[in-house]
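These notes are about the structure you will find just below.
Reckoned from all heavy atoms, side chains included, excluding hydrogens, waters and symmetry mates.
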Amino acid sequence: DRMLRQLTLAIVVALAGCPQGGGAGGDSENGGSGPNTGGGGGFIGGSTSNPPVPGGIFTPNGPIQVPIAITEPSGFARPAEAITFGLPLPESANILGTGSMGLFDGAAELPAQFQILSRWNGLPTDSSRPIRWVLIDSQVDLAAGETRTLTFTNSGSGGAASGLSIDLSDPAAAVVQTGAMEVRLNRARGNVFDRVAAGGQILCEDTTASRTRSGLQLVDGNGTVYRAANTASPEVVVEEAGPMRLTVRVTSELTSSGGTVFKPGAVRVMQRIHFYANKTFVRVHTQLENNAPYGGFDGSYDAANALHG
């Protein structure tokens with residue numbers, strides 16, 4: 001079952017001019033290896049004096065061609081596999097917007113999504129400054145064990161038509177349509193997934209009044225169960241709504257059946273749910289936060305539980 005397989009795609013962008021060993025990498029959450037960090041640290045940031053520069057063809061204010069090698073290492077064929085990676089751009093390229101960007105497989109332009117992460121000597125919203133980092137989403141066919149080289153250019157169509165939608169008209173739910181699947185997210189309780197349907201059939205649905213069949217739970221040392229589903233009105237935010245990938249962030253506290261919140265103001269659960277155009281799977285990244293000072297749940301210094309770095 002492809003939903004149970006672990007996805008590991010190696011995405012390599014040819015780089016030059018990285019005196020400190022920085023690089024660019026794939027996967028929007030893990031970031032690959034980052035700029036000027038000696039490998040690791042994500043694709044946002046880096047030194048302004050020694051930025052990573054992709055290898056390829058660069059002409060100031062002219063055409064750009066950057067080869068991007070993608071390897072399938074797990075031995076599974078992956079038709080139209082969803083990929084996400086960051087790409088650094090030189091200041092001299094003077095690319096100010098995403099309207100001319102394109103990702104090509106040979107002569108064929110792939111459907112793609114381009115998000116500006118940072119600009120040279122300016123904010124991401126400053127359209128007068130050249131783009132420094134861009135986040136790219138696309139889908140590519142990969143045979144088992146295949147390495148395929150794509151090409152990023154500034155002579156493309158600027159991306160794909162939208163294949164994703166989210167309906168927020170119901171204050172109790174957010175409904176996402178991927179083109180192949182419908183997912184109902186609960187906005188009234190923190191269990192996240194209420195219903196998943198595809199091909200005209202309901203694949204899973206939590207119809208219990210307290211949504212006890214779904215959602216995250218935490219059990220403390222006394223055996224008390226705290227559930228995200230017991231938390232009313234979680235924070236639901238659409239972080240990104242592009243044509244290839246839509247990301248929703250759901251943040252909630254953990255509450256017992258009696259209404260007691262586990263370490264209120266300190267501990268919460270954050271889940272980022274990534275939806276992909278015409279796909280019947282999602283990727284969920286879950287983060288358990290302790291926001292109390294010094295690592296102590298009650299806001300005081302706790303030598304036993306404090307984090308030391």
Side-chain angles (χ1 to χ4, degrees), residues 7-15 22-35 41-46 51-58 63-72 78 80-91 93-120 124 127 130-142 147-164 178 239-247 272 274-279 283 285:
L7 172 65
T8 306
L9 292 181
I11 301 178
V12 179
V13 181
L15 292 171
D27 182 64
S28 64
E29 293 294 323
N30 298 320
S33 56
F43 46 70
I44 305 177
V53 178
I57 300 174
F58 289 91
I64 286 179
Q65 292 184 355
V66 182
I68 300 166
I70 302 178
T71 298
E72 196 297 305
R78 301 177 187 271
E81 186 62 62
I83 59 174
T84 302
F85 60 95
L87 180 70
L89 297 172
E91 185 176 11
N94 198 36
I95 299 177
L96 303 180
T98 62
S100 63
M101 292 183 180
L103 190 65
F104 286 80
D105 183 4
E109 185 172 6
L110 298 176
Q113 172 180 322
F114 303 98
Q115 179 190 359
I116 299 170
L117 298 178
S118 65
R119 293 180 183 269
W120 288 95
S127 60
I131 297 171
R132 184 178 179 186
W133 281 91
V134 61
L135 183 65
I136 302 174
D137 283 91
S138 187
Q139 296 181 6
V140 60
D141 294 327
L142 292 168
T147 295
R148 177 164 294 199
T149 300
L150 308 179
T151 303
F152 170 84
T153 77
N154 63 339
S155 58
S157 64
S162 180
L164 292 161
T178 71
E239 288 192 324
E240 189 170 357
M244 303 301 297
R245 178 173 54 85
L246 185 149
T247 300
R272 281 186 171 86
H274 301 280
F275 300 88
Y276 299 88
N278 301 311
K279 294 299 179 184
R283 291 174 182 153
H285 294 86

Thr153 side chain to Ile64 main-chain N or O, any donor-acceptor pair under 3.5 Å? no

Looking at His285, His274, Arg272, which one forms a side-chain hydrogen bond (donor to acceptor under 3.5 Å, both in side chains) with Thr247? His274

Output all residues satisfying salt bridge (Lys or Arg N to Asp or Glu O under 4.0 Å) with Glu240, sequence neighbours left out; order by chain, then residue number. Arg245

Closest heavy-atom pair and its distance - Pro243, Ala277: O-CB, 3.5 Å

Please list, chain by chain and in numerical order, all residues satisfying side chain to side chain donor-acceptor pair (under 3.5 Å) with Ser100, sequence neighbours excluded. none

Point-to-point distance, once rounded to the nearest 0.5 Å, from CG of Leu103 to OG1 of Thr151: 8.0 Å

Asp105: partners by side chain to side chain donor-acceptor pair (under 3.5 Å), with sequence neighbours left out: Arg148

Of the non-hydrogen atoms in Leu164 and Thr178, which two are nearest, and what is the gap between them? CD2-CA, 3.6 Å

Quick check against the 3.5 Å criterion: does Glu109 have a side-chain atom that pairs as donor or acceptor with the backbone of Ser157? yes

Can you check whether Asn94's main-chain N or O pairs, donor with acceptor, with Trp120's side chain at less than 3.5 Å? no

Which of Val140, Leu142, Asp141 passes side-chain contact (heavy atoms from CB on, under 4.5 Å) with Glu72? It is Leu142

Mind running side chain to side chain contact (heavy atoms under 4.5 Å, CB included) on Arg283 and Tyr276 for me, showing each step along the way? CA-CA 9 Å; Arg283 291 174 182 153; Tyr276 299 88; 3.3 Å; yes

Identify, with sequence neighbours excluded, every residue that meets side chain to side chain donor-acceptor pair (under 3.5 Å) alongside Gln139. none

Under 3.5 Å, side chain of Asn154 to main-chain N/O of Met101, donor-acceptor pair present? no

Going by side chain to side chain donor-acceptor pair (under 3.5 Å), name the residues that satisfy it together with Thr149, two or more places apart in sequence or in a different chain. none

Is a side-chain N or O of Arg119 found less than 3.5 angstrom from the main chain of Pro124, in a donor-acceptor match? yes

Taking side chain as C-beta onward, heavy atoms only, is Ile83 less than 4.5 Å from Leu150? yes

I want to check something: taking the side chain as every heavy atom from C-beta on, are Phe114 and Ile131 in contact at a cut-off of under 4.5 Å? no

If only atom types and distance count, is the side chain of Asp137 paired as donor or acceptor with the main-chain N or O of Gln113 below 3.5 Å? no

Residues forming a salt bridge (Lys or Arg N to Asp or Glu O under 4.0 Å) with Glu91, sequence neighbours excluded: Arg129

Nearest atoms (heavy-atom pairs only) where Gly86 meets Leu135: N-CD1, 4.1 Å

From Leu89 atom CG to Trp133 atom CH2, the distance as rounded to the nearest 0.5 Å: 9.0 Å

Indicate the atoms forming the closest heavy-atom contact of Ser138 with Pro111, along with that distance. OG-O, 2.6 Å

Are Leu96 and Ser127 side-chain neighbours, meaning at least one heavy-atom pair lies under 4.5 Å? no

